[in-house]
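Proteins get letters first, then strands, A, B, ... in listed order; numbering begins at 1 in each. Note that this is a predicted model, so its numbers are computed, not measured.
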Number of protein chains: 4
Amino acid sequence: MPKSTTPAPPRAKRADARRNEKSLLNAAAEVFVSSGVEAPIRDIAKAAGVGTATIYRHFPTRAELIIAVYRHQVDALAEDGPRLLRETDNAYDALRTWVDRFVDFLVTKHGLAAVLQSTDTCFDPLHDYFLDGVVPVCSHLLDAARESGEVTSEIDGIHLMRAIGGLCAGATDAHDYDARAMVDLLVTGLRARV
Amino acid sequence: MPKSTTPAPPRAKRADARRNEKSLLNAAAEVFVSSGVEAPIRDIAKAAGVGTATIYRHFPTRAELIIAVYRHQVDALAEDGPRLLRETDNAYDALRTWVDRFVDFLVTKHGLAAVLQSTDTCFDPLHDYFLDGVVPVCSHLLDAARESGEVTSEIDGIHLMRAIGGLCAGATDAHDYDARAMVDLLVTGLRARV
Amino acid sequence: MPKSTTPAPPRAKRADARRNEKSLLNAAAEVFVSSGVEAPIRDIAKAAGVGTATIYRHFPTRAELIIAVYRHQVDALAEDGPRLLRETDNAYDALRTWVDRFVDFLVTKHGLAAVLQSTDTCFDPLHDYFLDGVVPVCSHLLDAARESGEVTSEIDGIHLMRAIGGLCAGATDAHDYDARAMVDLLVTGLRARV
Amino acid sequence: MPKSTTPAPPRAKRADARRNEKSLLNAAAEVFVSSGVEAPIRDIAKAAGVGTATIYRHFPTRAELIIAVYRHQVDALAEDGPRLLRETDNAYDALRTWVDRFVDFLVTKHGLAAVLQSTDTCFDPLHDYFLDGVVPVCSHLLDAARESGEVTSEIDGIHLMRAIGGLCAGATDAHDYDARAMVDLLVTGLRARV
DNA sequence: AATGAATGAGTATTCATTCAT
DNA sequence: GATGAATGAATACTCATTCAT
């Protein structure tokens with residue numbers, strides 16, 4: 001009965017902590033946009049108005065913080081796949097639309113694409129999260145497009161996603177490089193020749 | 001006795017220094033492969049068996065070192081373009097072969113692709129070296145393929161190269177990601193639909 | 001229970017940190033005396049028994065550290081001017097007394113005089129601090145002495161202070177050079193000939 | 001008879017070496033003006049068109065190089081004292097003129113004044129050179145002015161010179177500080193009150 | 001639970017000095 | 001004798017992480 005030993009109502013704290021975490025994630029998201037996902041922890045803490053140790057308490061590794069920041073959007077991406085497949089007549093078009101959304105996600109999340117390419121083991125949890133949640137969706141879209149004969153390439157979902165990540169990692173504000181156009185070429189290349 | 005007035009032939013040292021520079025470049029190349037082109041200067045110096053200042057003497061900036069390490073291969077790449085165009089019946093095939101060689105170059109020079117994507121101004125000399133030497137070659141191949149009607153995409157040479165760089169930056173020993181296959185898809189995407 | 005919503009009073013740490021900063025300033029003052037104000041940060045950190053980063057946390061630039069170390073004494077110097085003018089019958093005597101105190105300050109703060117002469121822009125904040133706080137006081141004393149006819153020289157306050165700084169920079173423990181006597185000559189030179 | 005063992009005529013070499021040393025000193029003088037007497041050895045070597053080791057061979061310590069560079073002017077300064085005393089009616093005026101020439105020397109030799117103030121033992125030879133050659137001259141002028149009753153201050157020649165050095169060390173191109181005017185005040189302060 | 005102060009390892013760069021040629 | 005290449009010590013500054021309060 002810990003409740004009797006700690007007079008403070010645990011509910012309140014939970015709500016408080018959750019709100020805290022929420023604002024922390026919002027702050028982290030902003031810093032990620034402006035300084036990339038490798039931004040100094042202290043910067044994130046300052047933006048969130050908390051101490052650095054608080055970040056570590058909530059998210060022991062940077063990968064976990066990144067996952068938390070993008071979880072909703074990654075999950076949405078994962079859910080988009082089946083829906084697009086249902087709602088679109090054409091499997092290849094569904095794939096193309098989904099890829100577009102993935103590109104949207106990556107180009108607005110400055111530095112994320114680079115992290116997806118990183119081999120630093122500290123990012124493994126992030127890689128795993130993608131591997132488990134969204135790679136299967138991509139693979140499924142590819143399979144459907146292959147079944148319908150629109151795609152002949154035997155490429156894996158994970159490889160397609162890595163490739164898209166690479167193409168998006170090259171996008172910088174400084175140049176007029178258009179990641180979307182490049183990905184379009186890639187997806188066009190998937191298409192079976194008529 | 002004019003010989004006594006001109007103290008010593010300055011050649012002798014040069015030969016020694018040049019040999020030294022050669023071994024330094026070899027060592028740098030190896031470190032670049034294993035640790036990327038952003039490896040600490042100290043590591044490169046240690047690998048070369050010289051002091052850090054020796055690196056600075058030969059190559060005042062990191063970009064100059066990188067250029068020196070890859071100069072021959074980059075130059076060869078630049079020369080390959082016109083030759084392929086002459087020796088190949090088909091402009092598109094020439095482009096594809098040339099791109100293959102570019103990919104060969106990038107995937108074996110681990111970390112170089114990432115630097116080509118970097119916006120750090122310290123790499124500007126390197127970017128310029130590519131911009132001046134090899135981007136025009138790529139553009140020329142693209143133009144030729146467009147003239148022959150095999151390629152319709154209006155993509156610039158520099159953007160194609162950035163895209164290829166991005167696709168190759170995703171290549172790591174750890175996974176079975178095949179950069180060449182991805183680039184193949186991209187180049188296939190360039191092709192006019194029949 | 002509003003207390004639970006406001007986690008912890010931020011005062012506690014401040015007291016600790018302030019005490020720490022105090023000892024840091026004391027240590028820096030000692031190192032400045034023995035090694036000059038350009039002493040390596042690491043030496044100061046070691047003398048204070050803290051890590052180098054702690055110095056940077058408290059004083060991001062060296063100039064800020066120097067200012068902090070000498071702030072009280074510089075401020076006291078600034079306040080001395082008007083007081084001496086009020087309490088002394090003779091404006092020239094007030095000037096002379098004030099200059100004596102400035103000399104006291106400089107000769108006991110080994111290396112400070114040299115920094116006041118330095119053109120390194122990193123010391124600009126320190127120069128500005130003097131320029132804003134104490135140069136006007138010196139100028140005011142000079143003006144008063146000129147009004148009373150005791151001083152005829154048109155010298156600026158800042159130039160007088162630079163000169164005093166120069167005379168004190170020459171003071172070292174090694175020799176029997178008496179900075180105060182030299183400054184006395186200078187101030188005597190200011191005096192109108194009867 | 002070393003001459004028989006070394007066929008090359010030693011005379012020629014001497015002349016060569018002396019010319020070499022001459023141009024080296026000229027180059028050093030120029031670098032001293034632009035970068036101060038603490039300029040990197042390598043800069044001096046480059047300006048002189050010789051290797052760094054050549055500088056070390058000729059002048060094992062920096063102080064020796066500085067002495068060599070300024071020897072003629074320092075010697076001239078030493079000779080000026082007695083001459084001025086002979087040619088000038090007034091001992092105080094002779095002193096003042098001589099001090100002016102010392103100031104001329106210091107303000108045009110950027111950084112020299114600072115070195116004269118330095119306590120770094122590596123400059124001891126330079127200090128000694130002044131101590132032996134020019135300090136007695138200054139003392140002699142002071143003595144003469146005291147004998148004629150124009151100067152009452154008991155100041156030593158060396159202290160006067162240190163003070164002048166200090167006043168000149170404060171001179172920088174950046175500000176409108178007028179070292180000569182400050183020294184004038186100092187010398188005026190030496191003067192007996194009428 | 002939260003804070004933010006302290007830590008100390010890691011890296012680039014400069015320069016006096018030595019030494020092989 | 002001269003050269004200039006190589007050396008390596010020295011220092012400023014950053015940042016992830018820990019810990020006392």
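Residues meeting the side chain to side chain donor-acceptor pair (under 3.5 Å) test with Tyr129(A), sequence neighbours left out: Asp75(A). Listed by chain and residue number, nothing satisfies the side chain to side chain contact (heavy atoms under 4.5 Å, CB included) test with Asn26(B) (two or more places apart in sequence, or in another chain). With sequence neighbours excluded, no residue satisfies side chain to side chain donor-acceptor pair (under 3.5 Å) with Ser23(C). Checked against ring-ring contact (aromatic ring centres under 6.0 Å, His included), Phe130(D) has no partners two or more places apart in sequence or in another chain.
Here the side chains of Thr61(D) and Glu64(D) are in contact, with some heavy-atom distance below 4.5 Å. You'll find the side chain of Phe123(D) reaches within 4.5 Å of the side chain of Ile66(D), heavy atoms only.
Atom CZ in Phe59(C) sits about 14 Å away from atom C1' in dA5(E), given to the nearest Å. In this entry the distance linking CD of Glu64(A) with C1' of dA16(F) reads 15 Å, nearest Å. Straight-line distance from the NZ atom of Lys22(B) to the C1' atom of dA5(F): 18 Å, rounded to whole Å. In this structure, the CG atom of Leu24(C) is 14 Å from the C1' atom of dT7(E), given to the nearest Å. Rounded to an integer number of Å, the gap from Glu21(A) CD to dA1(E) C1' is 13 Å. Here dT3(F) presents its P atom at 15 Å from NZ of Lys46(D), a figure rounded to the nearest Å. As rounded to whole Å, 9 Å separates atom P of dT7(F) from atom CD1 of Ile55(B). Straight-line distance from the CG atom of Leu65(D) to the C1' atom of dT17(E): 15 Å, rounded to whole Å.
Of the residues in residues 120-128 of chain B, not one comes within less than 4.0 Å of DNA chain F through any heavy atom.
Using a 4.0 Å cut-off, some side-chain N or O of Thr54(A) falls inside it from OP1 or OP2 of dT3(E). At the phosphate of dG1(F), neither OP1 nor OP2 sits under 4.0 Å from any side-chain N or O atom of His58(D).
Interatomic distance, Asp120(D) CG to Arg62(D) CZ, rounded to the nearest 0.5 Å: 10.0 Å.
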- Message: Counting Watson-Crick and G-U wobble pairs with both distances under 3.5 Å, what is the dot-bracket string for DNA chain E, 5' to 3', using [ ] for crossing pairs and | for pairs to another strand?
- Response: .||||||||||||||||||||
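Both Arg57(D) and Asn20(B) sit near DNA chain F, but only Arg57(D) has its closest nucleotide nearer the 5' end.
When all heavy atoms are compared, the tightest approach of Gly165(D) to Gln117(D) is C-NE2, 4.1 Å. Across every non-hydrogen atom of Ala28(A) and Val69(A), the tightest pair is CB-CG2, 3.8 Å.
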Between the protein and nucleotides 12-14 of chain F, which nitrogen or oxygen pairs are less than 3.5 angstrom apart?
unit_1, atom_1, unit_2, atom_2, d
dA12(F), OP1, Arg62(C), NH2, 3.0
dA12(F), OP2, Ile41(C), N, 3.2
dC13(F), OP2, Tyr56(C), OH, 3.2

Which side-chain N or O atoms in residues 34-50 of chain A pair as donor and acceptor under 3.5 Å with protein atoms at least two apart or in another chain?
unit_1, atom_1, unit_2, atom_2, d
Ser34(A), OG, Glu30(A), O, 3.3
Ser34(A), OG, Val31(A), O, 3.2

Please tabulate, one pair per line, all N/O donor-acceptor pairs under 3.5 Å involving side-chain atoms of residues 52-60 of chain B, not counting sequence neighbours.
unit_1, atom_1, unit_2, atom_2, d
His58(B), ND1, Glu21(B), OE1, 3.0

